[in-house]
Amino acid sequence: MESEKQKRFDLRYLEMARIWAKNSYCTRRQVGALVVKNNMIISDGYNGTPSGFENVCEDDNGITKPYVLHAEANAITKLARSNNNSDGATIYITASPCIECAKLIIQAGIKRVVYGEKYRLMDGIQLLERAGIEVVYLGE
């Protein structure tokens with residue numbers, strides 16, 4: 001019974017992350033992330049440029065600019081400016097995390113990752129599993 005309830009929550013939070021991804025100005029791919037702890041959203045993020053930069057993620061050739069932040073990085077660094085912490089939290093991400101974001105997730109004390117799309121590289125997922133973090137794929 002509890003696992004069914006958890007799956008319903010997981011699907012709803014993932015749907016909310018997909019809606020949040022629509023805030024991104026990136027044209028190649030829009031990604032959203034929500035950090036949830038004790039059934040409360042404590043942080044959110046989407047991929048985009050750093051604060052104060054122009055809201056253009058790609059160069060004239062359609063290549064993502066090197067300083068664009070991933071949704072997970074935005075959500076985790078946003079926590080640093082709040083009174084919340086992510087110890088034991090779950091992060092909901094519309095796409096599987098890259099290895100750099102996986103390192104941030106591990107260091108942030110997040111214990112569970114739920115994602116909806118597989119990214120072309122799965123080394124981030126492998127690192128999370130190696131760190132003992134529960135990883136849940138809820139894709140089509």
Side-chain angles (χ1 to χ4, degrees):
M1 184 70 152
E2 189 62 35
S3 63
E4 269 306 307
K5 184 177 180 182
Q6 183 63 59
K7 186 171 182 183
R8 276 199 321 271
F9 276 114
D10 287 347
L11 289 167
R12 287 185 183 135
Y13 282 126
L14 194 56
E15 183 178 345
M16 291 169 74
R18 286 186 181 109
I19 291 167
W20 201 244
K22 294 177 183 179
N23 288 315
S24 173
Y25 287 88
C26 297
T27 55
R28 285 185 61 217
R29 177 177 217 155
Q30 294 179 316
V31 179
L34 296 177
V35 180
V36 176
K37 184 174 178 179
N38 299 326
N39 297 319
M40 293 186 315
I41 298 170
I42 61 169
S43 191
D44 55 62
Y46 50 86
N47 56 325
T49 57
S51 299
F53 281 61
E54 74 290 347
N55 287 320
V56 179
C57 298
E58 294 85 10
D59 63 20
D60 293 338
N61 297 317
I63 306 296
T64 301
K65 294 177 181 177
Y67 52 86
V68 168
L69 288 157
H70 290 186
E72 308 92 312
N74 266 326
I76 291 168
T77 56
K78 198 178 203 182
L79 281 167
R81 298 177 75 173
S82 76
N83 292 324
N84 291 312
N85 74 67
S86 50
D87 283 337
T90 297
I91 189 166
Y92 295 87
I93 318 163
T94 57
S96 60
C98 70
I99 195 156
E100 294 302 318
C101 288
K103 290 189 277 186
L104 291 174
I105 290 167
I106 294 164
Q107 289 301 97
I110 293 169
K111 295 299 177 201
R112 197 163 172 270
V113 175
V114 179
Y115 69 101
E117 285 176 32
K118 291 183 179 176
Y119 183 61
R120 60 183 168 83
L121 299 174
M122 294 303 284
D123 51 356
I125 295 296
Q126 292 164 351
L127 186 65
L128 292 169
E129 289 171 341
R130 181 176 170 196
I133 293 173
E134 180 184 353
V135 178
V136 179
Y137 170 60
L138 291 178
E140 288 81 47

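In what follows, every heavy atom counts, from backbone to side chain, and hydrogens, waters and symmetry copies are set aside.
Under the 4.5 Å side-chain criterion, counting only non-hydrogen atoms from C-beta, I91 is in contact with E72. Contact of the M40 side chain with the N84 side chain is not registered, since no non-hydrogen atoms from C-beta on lie closer than 4.5 Å.
Screening residues 32-123 for disulfide (SG to SG under 2.5 Å), with sequence neighbours left out, gives C26-C57. Applying the salt bridge (Lys or Arg N to Asp or Glu O under 4.0 Å) test to residues at least two apart or on different chains, the pairs with a partner in residues 91-106 are E100-K103. Within the structure, every pair that satisfies the ring-ring contact (aromatic ring centres under 6.0 Å, His included) test and touches residues 47-69, not counting sequence neighbours, is listed here: F53-Y67. Residue pairs meeting the side chain to side chain donor-acceptor pair (under 3.5 Å) criterion with at least one partner in residues 90-99, sequence neighbours excluded, are D10-Y92. The side chain to side chain donor-acceptor pair (under 3.5 Å) analysis of residues 31-43, with sequence neighbours excluded, yields the pairs K37-N85. A salt bridge (Lys or Arg N to Asp or Glu O under 4.0 Å) check over residues 19-30, counting only residues at least two apart or in different chains, returns the pairs R29-E117.
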What side-chain donor-acceptor pairs closer than 3.5 Å can you find for residues 121-129, not counting sequence neighbours?
none

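Between P50 and L69, the shortest heavy-atom distance links the atoms CA-CD1, 4.1 Å. Contact detail for N74 and G45: the closest heavy-atom pair is CB-CA, 4.1 Å. Nearest heavy atoms, A21 versus G32: CB-N, 3.3 Å. Residues A17 and L34 approach most closely at N-CD1, 3.8 Å, considering heavy atoms. Nearest approach of L14 to V114, heavy atoms of both residues: CD1-O, 4.2 Å. Looking at every heavy atom in both residues, A95 comes nearest to I93 through O-CG2, 2.9 Å.
Checked by atom type and distance alone, the side chain of D59 pairs as donor or acceptor with a backbone atom of N61 at under 3.5 Å.
A continuous path of hydrophobic side-chain contacts links Y115 to I133 [ILVMFWY only; heavy atoms under 4.5 Å]. Both I110 and I42 are members of a single hydrophobic cluster when ILVMFWY side chains are connected at heavy-atom separations under 4.5 Å. Hydrophobic clustering of Ile, Leu, Val, Met, Phe, Trp and Tyr side chains at less than 4.5 Å, counting indirect connections, keeps I105 apart from Y119.
With sequence neighbours left out, the side chain to side chain donor-acceptor pair (under 3.5 Å) criterion links K78 to D44. Here E58 pairs with T27 under the side chain to side chain donor-acceptor pair (under 3.5 Å) rule; sequence neighbours left out. Not counting sequence neighbours, the partners of E134 by the side chain to side chain donor-acceptor pair (under 3.5 Å) test are R112.
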Test side chain to side chain contact (heavy atoms under 4.5 Å, CB included) applied to K65 and V56, step by step: CA-CA 9 Å; K65 294 177 181 177; V56 179; 3.9 Å; yes
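When hydrophobic residues (I, L, V, M, F, W, Y) are linked wherever their side-chain heavy atoms come within less than 4.5 Å, the members clustered with W20 are Y46. Connectivity analysis of hydrophobic side chains (ILVMFWY, heavy atoms under 4.5 Å, direct or indirect) links I19 to nothing; its cluster partners are none.
Expressed to the nearest 0.5 Å, how far CG of L11 lies from CE of M16 amounts to 13.0 Å.
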